[in-house]
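For the numbers below, each heavy atom of this structure counts, side chains included, while hydrogens, waters and symmetry mates do not.
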Amino acid sequence: MPTRLVAFCLTLYVTFAIWSDFAHAEIILKSPIRGETISTVSPELRSFLDLPDQPRRDRFNDLKYREKLYSAAKPLPFPFSWECTEGEEGPFTVLISEKEDFSELAPTLRINMRKNNDPHQAHMTNFLLGRTYYWKVEGTKDGKPVVSPIARFTTDPRPPRLIALPEARNIRDLGGWTGLDGRRIRQGLIYRSSGLNYNSPQAGDQKIPDVKKKPGDLRLEESTIQYINEVLRWKTDLDLRTDAEIGAMKGSPAGPSVNWIRRSSPSYHQIYREKEAEVLVENFRLFLDPSNYPIDFHCIAGADRTGSLAFILNGLLGVDPDDLRRDWEITASQSFVYEERWDRLMAGVEPYAKPGEPFHKRIEAYLEHYGVTPTEIAKFRSLMLEEK
């Protein structure tokens with residue numbers, strides 16, 4: 001047989017074998033399809049974030065719209081689906097990895113949707129932005145394991161990376177935004193969140209707590225604590241709340257393996273006062289030690305004190321001021337007023353820098369004024385900015 005014909009027949013045979021495997025595969029993957037790009041940011045939030053600065057501010061100042069935005073500013077888990085052709089049974093396990101051999105699983109989370117009773121569907125979230133993933137489904141038939149073929153998909157590279165922890169709100173990765181020299185901020189290292197437990201019962205009267213007072217009720221269930229420790233692998237819980245808010249707390253609600261550091265911290269224009277700025281600098285220096293990562297920082301709602309520290313960190317990394325505003329607006333606090341808070345926060349760095357300097361230089365000048373060195377700033381950037 002001529003060589004060319006042999007090659008053709010071999011190709012035909014291999015092609016037929018591949019399609020034959022798919023045709024008789026017992027678990028067939030349906031969605032996401034091969035090569036599809038998915039997102040867990042809701043269409044409502046994305047359409048808002050895509051607006052230019054002033055129209056976005058106008059929409060945000062509409063309190064009825066802001067209430068809708070608040071509801072939309074949480075992860076929208078993506079529905080993965082499959083079908084079974086030979087009577088395969090669950091429970092079905094969805095495996096997702098950036099590696100085709102699945103040697104390391106992705107930090108995804110399966111969310112149980114109240115209205116979803118389809119055994120051939122799983123709602124998944126907490127993907128990294130701008131990544132290529134592989135997925136497959138495992139089940140059983142007649143007591144024996146059955147595995148689907150492997151499919152590939154990508155994730156939308158546009159921030160924010162919203163994080164789902166079922167009992168807590170307003171959690172997201174500081175990473176994913178574009179910083180200095182067009183370099184993306186690393187994901188999976190710094191998180192901002194609401195409080196992991198409720199405020200102490202004594203927080204309402206803002207007295208220094210009696211040691212006999214119990215801290216607020218835990219927001220996290222055991223499975224969520226396990227996810228934080230085994231998947232997100234948080235090492236540090238930086239708690240920005242006051243003495244009254246924490247009560248008699250002695251450690252992180254995420255468990256004893258997470259180092260709990262608590263400093264009553266400032267927000268908005270307060271960060272430019274000398275005493276409060278010194279607290280902010282203390283907090284900043286926690287981010288210079290690689291052994292502290294991943295770090296989660298929070299107040300109670302994850303809006304004001306948390307947002308002020310996020311503003312300094314991402315501003316120093318070179319995130320554009322308009323993107324800093326976008327990140328701030330995701331919090332969607334009903335009490336937030338641009339003119340009283342954001343505008344004063346932005347204006348507060350002006351006295352520390354020379355006229356016309358880039359925004360990150362203004363943040364640099366502010367931190368250096370209170371004792372942060374250029375070497376420390378360079379170290380933080382080396383930890384948090386991806387290579388080009």
Side-chain angles (χ1 to χ4, degrees), residues 174-175 177 179-181 183 185-186 189-193 234-243 245-246 252 258-299 302-321 323-325 327-328 341-386:
L174 250 67
W177 298 95
L180 292 173
D181 303 320
R183 296 160 66 187
I185 296 171
R186 297 185 195 277
L189 293 179
I190 302 178
Y191 298 87
R192 54 175 292 178
S193 73
W234 290 356
K235 294 292 186 295
T236 305
D237 173 357
L238 174 58
D239 193 329
L240 308 178
R241 292 179 291 176
T242 64
D243 291 342
E245 288 174 295
I246 64 158
S252 173
V258 179
N259 183 29
W260 183 62
I261 298 172
R262 205 277 309 180
R263 291 195 187 98
S264 180
S265 298
S267 63
Y268 302 113
H269 63 281
Q270 296 171 350
I271 70 172
Y272 303 116
R273 301 171 183 169
E274 184 170 354
K275 185 177 179 181
E276 285 83 355
E278 289 171 357
V279 174
L280 189 141
V281 167
E282 281 189 88
N283 289 336
F284 170 73
R285 287 192 166 124
L286 284 174
F287 298 89
L288 302 179
D289 185 349
S291 69
N292 288 334
Y293 286 91
I295 300 172
D296 176 59
F297 67 94
H298 63 86
C299 43
D304 305 317
R305 291 164 287 186
T306 300
S308 298
L309 181 54
F311 168 82
I312 292 297
L313 295 176
N314 270 354
L316 187 63
L317 293 171
V319 175
D320 184 85
D323 282 339
L324 292 176
R325 282 190 288 272
D327 185 50
W328 203 291
R341 300 186 180 183
W342 174 263
D343 290 348
R344 293 177 70 185
L345 182 66
M346 288 286 293
V349 297
E350 295 297 335
Y352 299 95
K354 297 175 184 178
E357 281 192 317
F359 190 74
H360 70 272
K361 285 288 186 183
R362 303 175 207 178
I363 302 289
E364 277 183 31
Y366 158 69
L367 290 172
E368 288 175 1
H369 180 82
Y370 289 103
V372 175
T373 68
T375 300
E376 289 175 317
I377 290 170
K379 182 173 184 179
F380 176 61
R381 288 173 173 161
S382 71
L383 288 170
M384 288 304 302
L385 290 171
E386 293 181 356

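Remark: Thr236 pairs with Ile261, Asn292, Ile295 by the side chain to side chain contact (heavy atoms under 4.5 Å, CB included) rule, at least two apart or across chains. Residues passing the salt bridge (Lys or Arg N to Asp or Glu O under 4.0 Å) test with Glu386, sequence neighbours excluded: none. The salt bridge (Lys or Arg N to Asp or Glu O under 4.0 Å) search around Asp237 returns none, not counting sequence neighbours. A search for ring pair (Phe, Tyr, Trp, His ring centres under 6.0 Å) contacts involving Tyr293 returns nothing, not counting sequence neighbours. Take Phe297 and apply the ring pair (Phe, Tyr, Trp, His ring centres under 6.0 Å) test, not counting sequence neighbours, and it matches no residue. Residues satisfying the ring pair (Phe, Tyr, Trp, His ring centres under 6.0 Å) criterion with Trp260, sequence neighbours excluded, are absent altogether. Qualifying side chain to side chain contact (heavy atoms under 4.5 Å, CB included) partners for Thr375, counting only residues two or more places apart in sequence or in other chains: Thr373. For Lys361, the salt bridge (Lys or Arg N to Asp or Glu O under 4.0 Å) partners two or more places apart in sequence, or in a different chain, are Glu364. When the salt bridge (Lys or Arg N to Asp or Glu O under 4.0 Å) test is applied to Asp323, the partners found at least two apart in sequence or on another chain are Arg326. Applying the ring pair (Phe, Tyr, Trp, His ring centres under 6.0 Å) rule to His369 yields the partners Tyr352; only residues at least two apart in sequence or on another chain are considered.
Note on ring orientation: taking the six-membered ring where Trp is involved, the planes of Phe311 and Trp328 are perpendicular (angle over 60°, cut-offs 30° and 60°). Taking the six-membered ring where the residue is Trp, Trp234 and Tyr191 present tilted rings, their angle falling between 30° and 60°.
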Open item on the list: One pair to check against side chain to side chain contact (heavy atoms under 4.5 Å, CB included): Arg192 and Leu174. What are the steps and the verdict?
Closed with: CA-CA 7 Å; Arg192 54 175 292 178; Leu174 250 67; 3.7 Å; yes
Open item on the list: Pair Leu309, Leu238 - check side chain to side chain contact (heavy atoms under 4.5 Å, CB included), show working.
Closed with: CA-CA 11 Å; Leu309 181 54; Leu238 174 58; 4.0 Å; yes
TODO: Evaluate the side chain to side chain contact (heavy atoms under 4.5 Å, CB included) criterion for residues Phe359 and Leu324: first the C-alpha distance (whole Å), next the side-chain angles of each, then the deciding distance (0.1 Å), finally the verdict.
DONE: CA-CA 11 Å; Phe359 190 74; Leu324 292 176; 3.6 Å; yes
TODO: Take Arg183 and Leu180 through the side chain to side chain contact (heavy atoms under 4.5 Å, CB included) test and state the conclusion after the steps.
DONE: CA-CA 6 Å; Arg183 296 160 66 187; Leu180 292 173; 5.6 Å; no
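In this structure, the side chains of Leu317 and Phe380 come closer than 4.5 Å at one or more pairs of heavy atoms. Contact annotation: the side chain of Tyr366 never approaches that of Val372 to less than 4.5 Å [non-hydrogen atoms, C-beta and beyond]. Using a 4.5 Å heavy-atom threshold, the side chains of Leu280 and Ser265 count as separate. Put simply, the side chain of Ser291 does not reach to within 4.5 Å of the side chain of Lys235, judged on heavy atoms. Using a 4.5 Å heavy-atom threshold, the side chains of Phe284 and Leu313 count as touching. The shortest distance between side-chain heavy atoms of Leu383 and Phe287 does not fall below 4.5 Å. Two residues are said to be in side-chain contact when any heavy atoms from C-beta on lie closer than 4.5 Å; Arg305 and Thr242 meet this criterion.
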Distance-only donor-acceptor pairs under 3.5 Å for side chains of residues 270-277, two or more places apart:
unit_1, atom_1, unit_2, atom_2, d
Gln270, OE1, Ser267, N, 3.3
Tyr272, OH, Leu345, O, 2.5

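In this structure, the separation between CG on Leu367 and CZ on Arg285 is 9.5 Å, given to the nearest 0.5 Å. Atom CG of Leu316 sits about 9.0 Å away from atom CG of Leu385, to the nearest 0.5 Å. Atom CG of Leu240 is separated from atom CG of Asn283 by 6.0 Å, given to the nearest 0.5 angstrom.
Side-chain atoms of Arg262 come within 3.5 Å of backbone N or O of Arg241 as a donor-acceptor pair.
For the residue pair Cys299 and Asp304, the shortest heavy atom distance occurs at SG-N, 4.4 Å. In terms of heavy-atom proximity, Ala310 sits nearest to Asp327 at CB-OD2, 4.4 Å. Counting all heavy atoms, side chain and backbone alike, Met346 lies closest to Pro321 at CE-CB, 3.8 Å. Scanning both residues, Ser308 and Pro266, for their nearest heavy atoms gives CB-O, 4.2 Å. Nearest heavy-atom pair across Ala347 and Pro351 is O-CD, 3.6 Å. Nearest heavy atoms, Pro374 versus Glu368: CG-OE2, 3.7 Å.
A salt bridge is absent between Arg263 and Asp239; no separation between the charged side-chain nitrogens and carboxylate oxygens falls under 4.0 Å.
Donor-acceptor pairing under 3.5 Å is lacking for the side chains of Asp243 and Ser264.
Residues in residues 343-355 take part in these salt bridge (charged side-chain N to carboxylate O under 4.0 Å, His left out) pairs, two or more places apart or across chains: Arg57-Asp343, Glu350-Arg362.
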